[in-house]
Amino acid sequence: MKLIRFSSAESTTPQFGVVVREKAISFAVLQNKAGNSSAFLADSRSYLSNLPDSEQVAKELLSWAETHLENFAKSECHPLDEVHLWEPVDVTALFDFGLTPQHLKNSAETLMKYEKDNPQTAPLLQAFAKAILAPKPTPAPGRPVPLSYYKCNMNTIVGNDIVVPWPAYTSRLDIEPELAVVYGNERQPVAGFCIFNDISARDVQATEFIGGFCLTKDMAKGNQLGPYLVTLDEVGDPYNLEVTVLVDGQVKYRGSTSEISHKAEDIFAWLTFIAPPKPGSVMGFGTIPGCTGCDFDDFLDPGAEVQITIERLGTLKCSFGKPAGKLLPSRWPVREQLKPYHE
């Protein structure tokens, strides 16, 4: 089942609904048609708080809709390409874990290429790279495996098919395709999975290893989720999915979720040890290796159109806007494609 939050030409307010044969239908409309009302489906938070019962109710309505789709008016049943898909749940917290060591290693090598002569940042990057490769100690009895994460800016969360404004302070804007899990509740922790695109400014990243990734990660519209919340029965094995990234219609990167080192249960155990997560908490596992510019020192340009596809989860789209004015001086050499914005 593919759950969505969407708006249409008739209403710009996000509606909680489901995908039925490539059509977006709100649960409010669906329940009215089916004559079956449940408070569990009032919105995404109610749905997540009432799992697993709410999932069963939603699936029964989906089954009914699939056999009665002809009964819906055009204003009640919208083609997916005619609606805006918001982030699929009303997010209560967003965590980004670093559970893909190969990407971390690749990124450290690219950053070090440009920071090797900097006495402030080079030692930090060397220590970071060493920590990635070092064996992890066994946790003490009663203590879950510790997993590092970054707390994302809640003001920058967006959904599908958006334009990311190019920040004035970077000349190396990058994507970070990730698998994300959505937390339900204690009875059913895994509500489902979606795609997470963690936009990153690479040429300022090394300066923020101490103090937090503010400029690096927290730019406007920098945390993209979608296009759907896909329930586990449709995902299959979330840790064995192919990842493909198209840039301007051409395949740019390929990867796999099999590179992820820990599972959702490990994430939940660690977060619960600190403070129990709430329904609607979203956790990214880490950037898929081989699917970013930082993995190869091969970055995207202003105006680039990006499509991130994860097998069974759909395609998340975005584009990079062109800088609104002159860019600030970069810490790294300016690429040829960015020189017009520095003159």
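In this structure, CZ on Phe196 lies 11.5 Å from CD1 on Ile310, to the nearest 0.5 angstrom. Within the model, atoms CE of Met219 and OG1 of Thr156 stand 8.5 Å from one another, a figure rounded to the nearest 0.5 Å. From Phe16, atom CZ reaches atom CD1 of Ile4 across 9.5 Å, with rounding to the nearest 0.5 Å. Considering OG of Ser63 and CE of Met1, their distance stands at 11.5 Å, rounded to 0.5 Å. Atoms CD1 and NE2, from Ile25 and His78 in turn, are 8.5 Å apart once rounded to the nearest 0.5 Å.
By the 4.5 Å heavy-atom criterion applied to side chains, Ser281 and Met283 are counted as neighbours. Residues Phe320 and Ile199 have side chains in contact (heavy-atom distance under 4.5 Å, counting atoms from C-beta outward).
The two residues Lys2 and Val230 make their nearest non-hydrogen contact at CG-CG2, 4.2 Å. Of all non-hydrogen atoms in Val235 and Leu241, the two that sit nearest each other are O-CD2, 4.0 Å. Here the closest heavy-atom approach between residue Phe72 and residue Cys77 is recorded as CB-CB, 3.8 Å. Pairing each heavy atom of Ala58 with each of Tyr47, the nearest pair is CB-CE1, 4.2 Å. In plain terms, the two heavy atoms of Thr257 and Pro238 that are nearest each other are OG1-O, 2.8 Å. Of all the heavy atoms in Leu41 and Ser54, the pair that sits closest is CD2-O, 3.9 Å.
At a threshold of 4.0 Å, the pair Glu76-Lys33 counts as salt-bridged, since one of the basic side-chain nitrogens sits closer than that to a carboxylate oxygen. Note on Glu176 versus Arg202: salt bridge recorded, some NZ/NE/NH1/NH2 to OD/OE distance being below 4.0 Å. In summary, Lys113 and Glu109 do not engage in a salt bridge, as defined by a charged side-chain N under 4.0 Å from a carboxylate O.
Ring orientation note: the planes of Phe95 and Tyr149 are nearly perpendicular, at an angle over 60° on the 30°/60° scale. Ring orientation note: the planes of Phe285 and Phe193 are close to parallel, at an angle under 30° on the 30°/60° scale. The aromatic rings of Phe213 and Phe209 sit perpendicular to each other, their planes meeting at more than 60°, with 30° as the lower class boundary.
Few gaps surround NZ on Lys59; more than 12 heavy atoms of other groups in view lie less than 6.0 Å from it. More than 12 heavy-atom neighbours from other residues, nucleotides or ligands sit within 6.0 angstrom of CD1 on Ile274. More than 12 heavy-atom neighbours from other residues, nucleotides or ligands sit within 6.0 angstrom of CD on Glu234. Annotation: Arg335, atom CZ; neighbour count of heavy atoms from other residues, nucleotides and ligands within 6.0 Å is above 12. Shown here is Gln337, whose CD atom has more than 12 heavy atoms of other residues, nucleotides or ligands within 6.0 Å. Applying the 6.0 Å contact sphere to NZ of Lys74 captures no more than 12 heavy atoms from other residues, nucleotides or ligands.
A donor and an acceptor atom, one from each side chain of Thr110 and Asp297, are nowhere located under 3.5 Å apart. Of the N and O atoms on the side chains of Lys217 and Ser200, at least one donor lies less than 3.5 Å from an acceptor on the other residue. Between Asp203 and Thr170, the side chains place a donor N or O and an acceptor N or O closer than 3.5 Å (distance only, hydrogens not considered). Between the side chains of His84 and Asp161, not a single donor N or O lies within less than 3.5 Å of an accepting N or O. Asp295 and Thr292 share a side-chain donor-acceptor pair at under 3.5 Å.
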Criterion side-chain hydrogen bond (donor to acceptor under 3.5 Å, both in side chains) on Asn185 and Ser49, from CA distance to verdict: CA-CA 6 Å; Asn185 56 50; Ser49 297; over 6 Å; no
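Ser46 places a side-chain N or O within 3.5 Å of a backbone atom of Phe40 that can act as its donor or acceptor partner.
The only member of Lys116, Met112, Glu208, Glu115 that meets side chain to side chain contact (heavy atoms under 4.5 Å, CB included) when paired with Thr121 is Glu115.
Hydrophobic clustering, defined by side-chain heavy atoms of Ile, Leu, Val, Met, Phe, Trp and Tyr closer than 4.5 Å, leaves Trp86 isolated from every other such residue.
Residues meeting the side-chain hydrogen bond (donor to acceptor under 3.5 Å, both in side chains) test with Arg5, sequence neighbours left out: none. With sequence neighbours left out, the side-chain contact (heavy atoms from CB on, under 4.5 Å) criterion links Ala129 to Ala108.
At a threshold of 4.5 Å between side-chain heavy atoms, the hydrophobic network of Ile, Leu, Val, Met, Phe, Trp and Tyr places Ile157 and Tyr228 in two separate groups.
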